[in-house]
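Atoms within each ligand, like the ligands themselves, are counted from 1 in listed order.
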Amino acid sequence: MKTSNPILTVGSIALDNLETIHESRERVIGGSTTYFAMAASQFTEVRIVGVVGTDFTDDGHAIFNSKNIDTKNLQIEEGETFGWGGKYSPDFSSRETTFTNLGVFKHFNPIIHSEHTHTPIVFLGNIHPDLQLNVINQMQGDTLFITDTMNLWIDISLDQLWEVIQNTHIFLLNDEEAEQLTGTSDLKKASEILLSKGPETVIIKKGSKGSMVAGKENLDNIPVFPGVNLVDPTGAGDSFAGGFCGYIAKYGKTNLIDAIIYGSAVASFTVSQFSVDGLRNITMNDIENRANIISKLLTENIII
Ligand code: AMP
């Protein structure tokens, strides 16, 4: 794979209401595609597939019109942008969805411009598995599919989700989702079950305990960046995916452990500020510095 391949991604673009013990904010920029694109565009060109309403903010449009993000497949429809409310427990250990307003997402039909159907890397961000399948079916050529999901789809759309997993090369999920999908809290067993369904690699994120990778490479404890002041965990998974996929787009997929380290480095910026603010002004140099620190921790075998 040549370096700096473009990435195509589908997912949500949202106006979020976020509530933490310290601060609440309404109608801030969010959505899986937004966090992903802001993270991955540090590494390569990101082609977004999504929809916003006519109420989407100038700030949101400015983010997508920035360098390295292609908006050819962004639809702007009359009506409200997808809205989501998240409220965190005081210690951030759990999150409650306070509302979901589908808005223009309700009738979203992803359409990929013919120039983009041969994009070599596709990240299927967190949206209904039917929409993920729709994008899989539009892609042509040799595509690397990297997929994320959430508990909601395991609850309400399991069959379609398994079909997506079957078509996935690298599957990203967190420990709770892995248990919910496979029925076992033993993450090694869970990853074996998931690998038997199609993916060549499964990456299970364990929050502040880091991540594990199973498949061609196997490692249990890849640490997170230490000492981060947790302000707002929203988008951690999507920006992890952005750093992970961005690394693969730039350097290939021979070293997935380094890709995970870069994903964790990017996510550490996301969670240290509200909404997407932690991703607004970072540079590749900032990401590399944190990735080097995580790498060092890993080689010294210090488990955070
Ligand atoms: P994460 O914290 O990584 O789970 O991602 C949070 C983002 O996911 C928020 O910005 C939400 O707008 C978005 N989100 C929440 N629920 C959904 C859903 N049902 N479909 C698509 N995106 C969602």
Side-chain angles (χ1 to χ4, degrees), residues 9-20 25-40 48-53 56-57 59-60 63-64 80-89 92-106 108 110 123-132 134-135 146-157 160-161 164 172-177 180 203 205-208 211 224 230-245 263-264 266-279:
T9 186
V10 66
S12 57
I13 300 170
L15 292 173
D16 289 341
N17 286 6
L18 304 175
E19 216 176 320
T20 73
R25 288 200 209 166
E26 294 191 351
R27 289 174 69 76
V28 292
I29 310 293
S32 50
T33 289
T34 315
Y35 285 100
F36 178 88
M38 288 178 83
I48 60 165
V49 182
V51 64
V52 293
F56 197 52
T57 59
D59 179 35
I63 287 172
F64 288 123
E80 283 180 320
T81 300
F82 173 71
W84 175 78
K87 182 178 177 182
Y88 290 90
S89 63
F92 292 105
S93 63
S94 63
R95 179 172 84 186
E96 177 197 335
T97 291
T98 53
F99 71 91
T100 301
N101 172 22
L102 288 179
V104 291
F105 221 44
K106 197 167 182 179
F108 176 45
F123 175 66
L124 301 166
N126 168 30
I127 44 164
H128 196 294
D130 279 344
L131 294 174
Q132 294 178 318
N134 180 321
V135 169
I146 303 172
T147 301
D148 192 15
T149 191
M150 77 185 286
N151 53 358
L152 176 66
W153 314 124
I154 305 174
D155 285 336
I156 69 168
S157 191
Q160 294 95 320
L161 179 58
V164 173
L172 309 175
L173 72 174
N174 68 33
D175 42 8
E176 285 173 11
E177 292 154 359
Q180 197 184 345
I203 292 163
K205 296 163 284 172
K206 302 181 283 184
S208 61
S211 336
V224 298
L230 189 54
V231 171
D232 171 19
T234 313
D238 309 308
S239 48
F240 172 93
F244 176 80
C245 295
S264 299
V266 177
S268 73
F269 289 102
T270 306
V271 302
S272 62
Q273 289 190 51
F274 228 83
S275 170
V276 297
D277 289 354
L279 294 173

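Taking R25 as the reference, E23, V28, F274, D277 meet the side-chain contact (heavy atoms from CB on, under 4.5 Å) condition, with sequence neighbours excluded. Residues satisfying the side-chain contact (heavy atoms from CB on, under 4.5 Å) criterion with S12, sequence neighbours excluded, are S32, F82, F105, I127.
In terms of modelled atom types and a separation under 3.5 Å, the side chain of D16 and the main chain of L18 share no donor-acceptor contact. In this structure a side-chain-to-backbone donor-acceptor pair under 3.5 Å is present from Q132 to D148. A distance-only check finds no donor-acceptor pair linking the side chain of S157 to the backbone of W153 [under 3.5 Å]. Of the possible polar contacts, none joining the S94 side chain to the S89 backbone as a donor-acceptor pair under 3.5 Å is found.
Judged by distance alone, the side chains of N101 and E80 do bring a donor and an acceptor atom under 3.5 Å apart.
Close contacts between ligand 1 and S12 involve ligand atoms 13 (C), 21 (C), 22 (N), 23 (C) [criterion: under 4.0 Å to a heavy atom]. If you number the atoms of ligand 1 from 1 as listed, the ones under 4.0 Å from a heavy atom of G30 come out as 10 (O). Atoms of ligand 1 lying under 4.0 Å from at least one heavy atom of Y35, given by number and element, are 10 (O). Per-residue contacts place T234 under 4.0 angstrom from the following atoms of ligand 1 (heavy atoms of the residue considered): 2 (O), 6 (C), 9 (C), 10 (O). Proximity to A14 (heavy-atom distance under 4.0 Å) selects the following atoms of ligand 1: 12 (O). Near G31, with a cut-off below 4.0 Å to any heavy atom, the atoms of ligand 1 are 9 (C), 10 (O), 12 (O). Listed by atom number, the atoms of ligand 1 under 4.0 Å from R95 heavy atoms are 1 (P), 2 (O), 4 (O).
For ligand 1, the polar-atom distance check finds an N/O of D16 within less than 3.5 Å of one of the ligand's N/O atoms.
Using a 4.0 Å heavy-atom cutoff, H128 is absent from the residues neighbouring ligand 1. Residue-ligand proximity: N126 is placed with a non-hydrogen atom under 4.0 Å from ligand 1.
For atom 19 (N) of ligand 1, the nearest protein heavy atom (residue, atom name, distance) is L152 CD2, 3.4 Å. When hydrogens are left out, the protein atom nearest atom 20 (N) of ligand 1 is W153 CZ2, 3.7 Å; that is the closest non-hydrogen contact. In this structure, atom 5 (O) of ligand 1 lies nearest to the protein heavy atom D238 OD2, 2.9 Å.
Residue contacts with ligand 1 for F36 are absent, since no atom lies close enough (heavy atoms, distance under 4.0 Å).
Using a 30° and 60° split on the angle between ring planes, F240 and F244 fall in the parallel class, below 30°.
The local environment of NZ in K206 is crowded, with over 12 non-hydrogen atoms from other residues, nucleotides or ligands closer than 6.0 Å.
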